[in-house]
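Reading through the structure tokens given below for one structure.
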Protein chains: 2
Amino acid sequence: MPQKNTPAGLDVSGPDPLYKQVEQRILQCLADGEWKPGEQLPTESQLAERFGVAVFTIRAGIGELAASNILVRKQGKGTFVARHSRLRQRYQFSHIHDAAGRQILPGRELLSFTKGTATAAEAARLGFPPDARTPVIRLAMISVDEGKTVATLDIVLPARLFGSLTAAAVRNAQENLYAAYQDECGVNVIRVEEHIHAALASAAEAKTLKIRTGSPVLRVERMAYTYRGLPVEFRTRVFDATQYHYRTVEGGI
Amino acid sequence: MPQKNTPAGLDVSGPDPLYKQVEQRILQCLADGEWKPGEQLPTESQLAERFGVAVFTIRAGIGELAASNILVRKQGKGTFVARHSRLRQRYQFSHIHDAAGRQILPGRELLSFTKGTATAAEAARLGFPPDARTPVIRLAMISVDEGKTVATLDIVLPARLFGSLTAAAVRNAQENLYAAYQDECGVNVIRVEEHIHAALASAAEAKTLKIRTGSPVLRVERMAYTYRGLPVEFRTRVFDATQYHYRTVEGGI
DNA sequence: TTCGATTTGTTCGTATGTATT
DNA sequence: TAATACATACGAACAAATCGA
């Protein structure tokens with residue numbers, strides 16, 4: 001008998017330690033939608049019984065997912081699937097700051113909500129074959145802060161995942177659009193990658209942002225991913241580089 | 001007796017749990033230079049005896065510092081103070097990518113190494129009073145990749161911490177300048193904050209980067225910090241935005 | 001308001017596995 | 001091979017937070 005399998009499928013003699021297998025199993029359940037954003041997971045003892053391991057091992061697995069902001073533990077209540085709060089960002093996903101260093105948390109205004117097919121470039125980014133005419137939803141928006149247009153915001157979403165998204169839901173969404181993705185479509189963004197470019201404002205951008213054509217702008221292209229690296233959103237933000245900049249922090253303590 | 005103190009000073013009845021106190025004590029030892037970059041810490045059992053707690057508690061404290069890349073644990077060997085490798089970045093501190101998405105890991109060329117006093121703005125960033133005429137070291141460099149000048153790189157260092165730094169040490173430093181800071185001056189960078197601006201190339205920048213004056217550039221201003229939030233370096237990098245861009249990733253798994 | 005049941009947080013002791021020297 | 005050191009795993013106890021009776 002070269003290996004021992006518990007009924008739950010965890011492999012005691014496998015290459016990965018049990019707590020990492022627990023982590024993967026929980027991630028799989030999340031990807032399968034068994035536990036949706038905001039919902040409570042079974043208690044640690046229940047999970048221990050289900051997976052056939054000690055509570056200690058469950059805690060180690062959950063601990064890693066909590067450190068990654070995938071799960072949230074609340075003493076006395078339980079363990080929950082992390083949500084994007086409606087009122088503030090779960091991550092510091094908004095990196096726009098003004099010249100004084102103050103973080104800008106702008107509101108949004110929806111200009112258009114249209115359905116179409118992905119361009120080859122968009123399909124490639126969203127993980128679809130370039131010639132598949134993948135149905136997408138396009139959102140054209142502007143970011144507004146204290147009455148000023150801070151940035152243009154263009155979003156491309158695969159229609160297959162976001163079929164239930166409506167213009168009204170986008171308009172009603174408060175600070176964080178990703179909360180609407182969760183509530184309306186069950187899509188949970190857990191990772192983003194951004195490419196920051198500098199460019200000169202096009203005539204259209206200049207008009208929207210009320211700046212001069214050819215003045216410097218920052219263009220931020222973001223890919224957002226859900227569980228298991230599945231790409232779910234491509235967005236482009238353009239803003240006046242003479243008024244605003246982009247800020248990041250790296251490293252701990 | 002409202003509280004109980006072990007001889008090592010850990011407060012059992014304090015507001016913070018023991019493992020967090022262990023974390024703080026270890027951080028203090030690092031800040032005091034008791035264990036220098038690359039050196040081995042006492043074993044977990046020794047630390048447990050020293051602090052008067054169980055090995056489990058020491059492991060919890062060390063675990064948090066290891067997760068922050070402050071310490072490195074090696075099975076069978078011991079726990080070590082993390083180092084900036086000479087050959088590659090400990091963090092993905094280099095965020096410059098080309099149009100094809102390839103990360104640029106450029107070499108450096110030292111143009112000048114001078115000593116002077118901080119401007120008011122520099123003093124403010126480095127945590128000194130603006131009128132103190134704080135002595136600083138200035139490094140003017142260019143980043144070079146495959147024979148091309150990728151970026152200008154200007155660094156300001158407080159002379160008080162970097163008195164032992166020499167132009168030769170900077171020239172000899174391989175990929176990672178922060179390794180030289182460790183080896184030559186015992187300064188360990190553990191956190192950086194970057195502000196990314198877009199601008200139009202000045203005449204001087206254009207000449208160095210071999211681009212046209214007024215073409216778009218990205219200007220990245222970085223503050224680097226060591227233990228306990230002490231600022232130790234201010235650097236500015238400027239590069240051609242038509243060839244290169246800045247990339248970040250956020251979130252887990 | 002108080003009390004008790006539930007759930008996670010912290011701490012300890014112990015045993016065994018695995019990498020290093 | 002043997003000793004050392006960290007990694008994994010289990011069991012147990014109590015603390016702290018939460019919630020409902």
Side-chain angles (χ1 to χ4, degrees), chain A residues 2-6 8-26 35 38-82, chain B residues 2-6 8-26 35 38-82:
Chain A
Q3 66 172 42
K4 221 170 34 172
N5 278 338
T6 72
L10 266 52
D11 182 358
V12 181
S13 63
D16 283 343
L18 289 177
Y19 76 91
K20 282 202 179 295
Q21 296 180 47
V22 167
E23 195 184 332
Q24 289 305 314
R25 288 289 298 273
I26 293 177
W35 308 309
E39 285 184 7
Q40 182 170 8
L41 268 66
T43 68
E44 296 175 344
S45 351
Q46 288 169 339
L47 288 171
E49 192 174 2
R50 168 165 167 179
F51 292 149
V53 295
V55 174
F56 174 96
T57 308
I58 296 293
R59 285 188 64 79
I62 290 181
E64 303 235 332
L65 294 171
S68 303
N69 294 316
I70 308 277
L71 299 179
V72 176
R73 292 203 272 207
K74 295 182 185 172
Q75 186 175 355
K77 297 189 70 175
T79 302
F80 302 81
V81 184
Chain B
Q3 66 174 37
K4 219 169 34 172
N5 278 338
T6 72
L10 265 52
D11 183 359
V12 181
S13 63
D16 284 343
L18 289 177
Y19 75 92
K20 283 202 180 296
Q21 296 180 47
V22 167
E23 195 185 333
Q24 289 304 314
R25 289 290 297 272
I26 293 176
W35 307 308
E39 286 184 6
Q40 182 171 7
L41 268 67
T43 68
E44 296 175 343
S45 350
Q46 287 169 338
L47 287 171
E49 193 174 0
R50 169 167 168 179
F51 291 150
V53 296
V55 174
F56 176 95
T57 308
I58 296 293
R59 283 190 64 77
I62 289 180
E64 302 234 332
L65 294 170
S68 304
N69 294 317
I70 309 275
L71 299 179
V72 176
R73 291 202 273 208
K74 295 182 185 173
Q75 187 175 352
K77 297 189 69 174
T79 302
F80 302 82
V81 185

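Keep in mind the model is a prediction, meaning the values are calculated, not measured. Letters A, B, ... mirror the listed sequences (proteins, then strands); counts begin at 1. Any value given below was found using the heavy atoms of this structure, including those in side chains, with hydrogens, waters and symmetry copies removed.
- Nucleotides of DNA chain D with any atom under 4.0 Å from a heavy atom of chain A span, from 5' to 3', dT8(D) to dC19(D).
- When each of Leu71(A), Thr79(A), Val81(A) is checked for a side-chain contact (heavy atoms from CB on, under 4.5 Å) with Ile26(A), only Leu71(A) meets the rule.
- Every side chain to side chain donor-acceptor pair (under 3.5 Å) that Arg59(A) has, sequence neighbours left out, goes to Glu44(A).
- If you measure from atom CZ of Phe56(A) to atom C1' of dT8(C), you get 15 Å, rounded to the nearest angstrom.
- Proximity of Arg59(A) to the phosphate of dT8(C): no side-chain N or O atom is located under 4.0 Å from OP1 or OP2.
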Dump every N/O contact between nucleotides 4-7 of chain C and the protein below 3.5 Å, one line per pair.
residue : atom : partner  : partner atom : Å
dT7(C)  : O2   : Gly76(A) : N            : 3.2

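- In this structure the side chain of Trp35(B) never reaches within 4.5 angstrom of the side chain of Gln40(B), judged on heavy atoms.
- Taken from CD in Gln24(B) to CG in Leu65(B), the straight-line distance is 8.5 Å, to the nearest 0.5 Å.
- The nearest pair of heavy atoms linking Gly61(B) to Val22(B) is CA-CG1, 4.3 Å.
- Between the side chain of Glu23(A) and the backbone N or O of Ile62(A) there is no donor-acceptor pair closer than 3.5 Å.
- In this structure, dC3(C) forms a base pair with dG20(D), meeting either the Watson-Crick or the G-U wobble geometry with both donor-acceptor distances under 3.5 Å.
- We find the OG1-NZ distance between Thr43(A) and Lys77(A) to be 15.5 Å, quoted to the nearest 0.5 Å.
- Inter-residue side-chain proximity for Arg73(B) and Phe80(B) is flagged as unmet; no heavy-atom pair is nearer than 4.5 Å.
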